[in-house]
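The figures here come from the full heavy-atom set of this structure, side chains too, leaving out hydrogens, waters and symmetry mates.
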Amino acid sequence: MGNSVRDAGRATRHLAVAAAMTFGLWLFTTVLLIAVFGTLLVVGAWLLPEAVLLVRRIAGAKRQLTARWTGQRIPEAYLPLTGTVRERVRTAVRDPGTRTDLRWMFAAYVYGVLVVVAVPLWPVALVVDGVRAGLPRARPLVLPLIVRLADLEADWSTALLKPSPAAQLSARVEELAATRADAIAAHGAELRRIERDLHDGAQANLVALSMRIGLAKRAYDRDPDTARRLLDEAQAQAEQALTELRHVVRGIHPPILTDRGLVGAVRALAAVSGLRVGVEVAGLEDDGVRAPAAVEAAAYFVIAEALTNAAKYSGAPGAAVRLERVRRGLLVRVADEGGGGADETAGSGLVGIRRRVAALDGTVEISSPPGGPTVVEARLPCVW
């Protein structure tokens with residue numbers, strides 16, 4: 001009985017907020033009509049985009065309210081209102097999201113006041129369900145109806161506020177275009193980094209190696225000791241060049257991923273990170289199934305960059321890494337014990353993480369409040 005009362009109370013609050021929002025929509029209709037007539041008269045054309053932006057904010061608040069009740073996020077897809085007044089008006093009129101919001105707004109005038117049905121049910125519930133509470137194994141009859149009214153209101157709002165297929169397709173095209181641009185930029189930056197590493201590292205060492213070998217050849221007959229010393233230096237130079245080349249290769253695709261797999265590579269990375277790192281694995285060691293090479297490489301670099309940031313900037317003594325095989329991809333989570341406050345615009349490598357994950361159509365969530373901790377969570381889609 002107590003749970004039913006609490007659920008009915010939550011449902012009533014939800015319906016009351018929905019009714020208050022509906023009352024606000026009734027008042028907003030005046031503003032919207034002024035904007036429409038002003039647009040028709042040309043003199044007030046600038047009002048229409050602003051009115052549409054206000055409608056978007058109201059619909060966004062309704063999406064959040066409904067998501068809190070249902071536990072499921074309602075996506076939104078809008079065209080950006082930018083440019084001249086004429087372009088903004090044209091976009092506002094042609095945007096499928098505008099039609100979706102207006103359809104919900106006018107429908108909400110009718111179903112948004114379901115609270116007037118819920119309120120009279122409370123006295124009935126107190127009598128009927130109060131009596132039934134004293135009976136053995138008797139369940140409430142009226143209180144669940146109030147919850148059902150809130151469910152009905154949320155279902156209608158979800159159906160009306162869900163973007164149309166055309167709006168979702170348009171938003172997806174824009175997202176893929178931005179992702180493609182980021183992937184191209186990241187690829188170009190990676191190529192420049194490899195070129196710089198080769199030029200400043202391995203190439204310089206190989207040039208010095210060639211010069212020492214040439215000097216050793218000239219000094220071999222007249223000064224064997226000098227030639228031997230030059231050859232020793234050339235050998236050291238060759239080893240240094242090999243080290244530089246291995247470093248470049250690891251930057252492209254770490255060989256340890258091929259040899260040990262993602263789990264082994266991450267554990268090796270944690271062992272040499274300089275932090276106290278715990279690695280938790282779920283679903284990746286049971287049947288030996290591995291993610292595609294590109295997904296493993298992206299996950300490895302996300303973890304490597306997050307641990308590097310934690311060691312350099314956060315002052316964290318330790319961190320926790322979690323690798324989890326989920327239904328449609330791979331979940332990577334790195335949480336440090338530092339002071340937080342990570343800034344993506346300060347060149348901390350977080351932008352690179354986003355770009356690398358976005359290139360695979362994945363998502364990244366970064367939480368770093370002042371005082372810590374910093375949590376980097378990436379979801380990489382793949383088929384197992």
Side-chain angles (χ1 to χ4, degrees), residues 11-119 148-178:
T12 304
R13 286 194 298 271
H14 173 82
L15 291 172
V17 175
M21 187 172 292
T22 300
F23 180 72
L25 288 177
W26 291 346
L27 298 179
F28 176 70
T29 304
T30 304
V31 178
L32 186 61
L33 291 176
I34 291 174
V36 171
F37 285 118
T39 302
L40 295 176
L41 297 174
V42 180
V43 293
W46 61 272
L47 283 174
L48 185 61
E50 300 303 323
V52 169
L53 287 175
L54 186 55
V55 171
R56 291 182 179 183
R57 294 189 184 97
I58 296 173
K62 182 60 179 180
R63 288 186 177 93
Q64 293 177 4
L65 176 66
T66 305
R68 284 197 297 270
W69 178 257
T70 63
Q72 296 181 350
R73 175 180 172 272
I74 304 176
E76 60 180 35
Y78 296 117
L79 298 176
L81 295 181
T82 57
T84 63
V85 173
R86 176 174 295 183
E87 291 172 346
R88 286 161 57 86
V89 170
R90 184 185 301 115
T91 302
V93 173
R94 295 181 178 179
D95 186 5
T98 302
R99 294 190 290 273
T100 298
D101 290 347
L102 292 177
R103 180 186 61 187
W104 160 76
M105 188 174 68
F106 289 115
Y109 290 158
V110 178
Y111 78 87
V113 291
L114 286 175
V115 69
V116 300
V117 181
V119 171
R148 180 54 189 154
L149 284 175
D151 291 337
L152 185 63
E153 193 276 340
D155 291 342
W156 284 345
S157 297
T158 300
L160 291 168
L161 287 170
K162 187 181 299 182
S164 65
Q168 290 180 335
L169 179 60
S170 177
R172 182 59 175 162
V173 169
E174 291 185 5
E175 179 184 353
L176 290 177

Rounded to the nearest 0.5 Å, what separation is found between the [atom1] atom of [X] and the [atom2] atom of [Y]?
X: Thr98; Y: Tyr78; atom1: OG1; atom2: OH; answer: 7.5 Å
X: His14; Y: Asp151; atom1: NE2; atom2: CG; answer: 8.5 Å
X: Thr158; Y: Trp69; atom1: OG1; atom2: CH2; answer: 12.5 Å
X: Arg56; Y: Leu54; atom1: CZ; atom2: CG; answer: 11.5 Å
X: Arg86; Y: Thr91; atom1: CZ; atom2: OG1; answer: 12.5 Å
X: Leu79; Y: Arg94; atom1: CG; atom2: CZ; answer: 11.0 Å

Report task. With side chain to side chain contact (heavy atoms under 4.5 Å, CB included) as the test, would you mind laying out the steps for Arg63 and Thr66 before giving the verdict? Result -> CA-CA 5 Å; Arg63 288 186 177 93; Thr66 305; 5.9 Å; no
Query - 4.5 Å side-chain heavy-atom contact, Pro49 and Val89 - result: yes
Query raised in the report: Does Glu50 come within less than 4.0 Å of Arg88, counting only side-chain N to carboxylate O?
Result: yes
Query - Residues Arg90 and Asp95 bridged, charged N to O under 4.0 Å - result: no
Query raised in the report: Does the side chain of Glu153 come under 3.5 Å of the side chain of Ser157 through a donor N or O and an acceptor N or O?
Result: yes
Report task. Start with the C-alpha distance between Leu161 and Lys62, add both sets of side-chain angles, then the distance that settles side chain to side chain contact (heavy atoms under 4.5 Å, CB included), and finish with yes or no. Result -> CA-CA 9 Å; Leu161 287 170; Lys62 182 60 179 180; 3.5 Å; yes
Report summary line: Nearest heavy-atom contact between Leu114 and Leu15 is CB-CD2, 4.1 Å
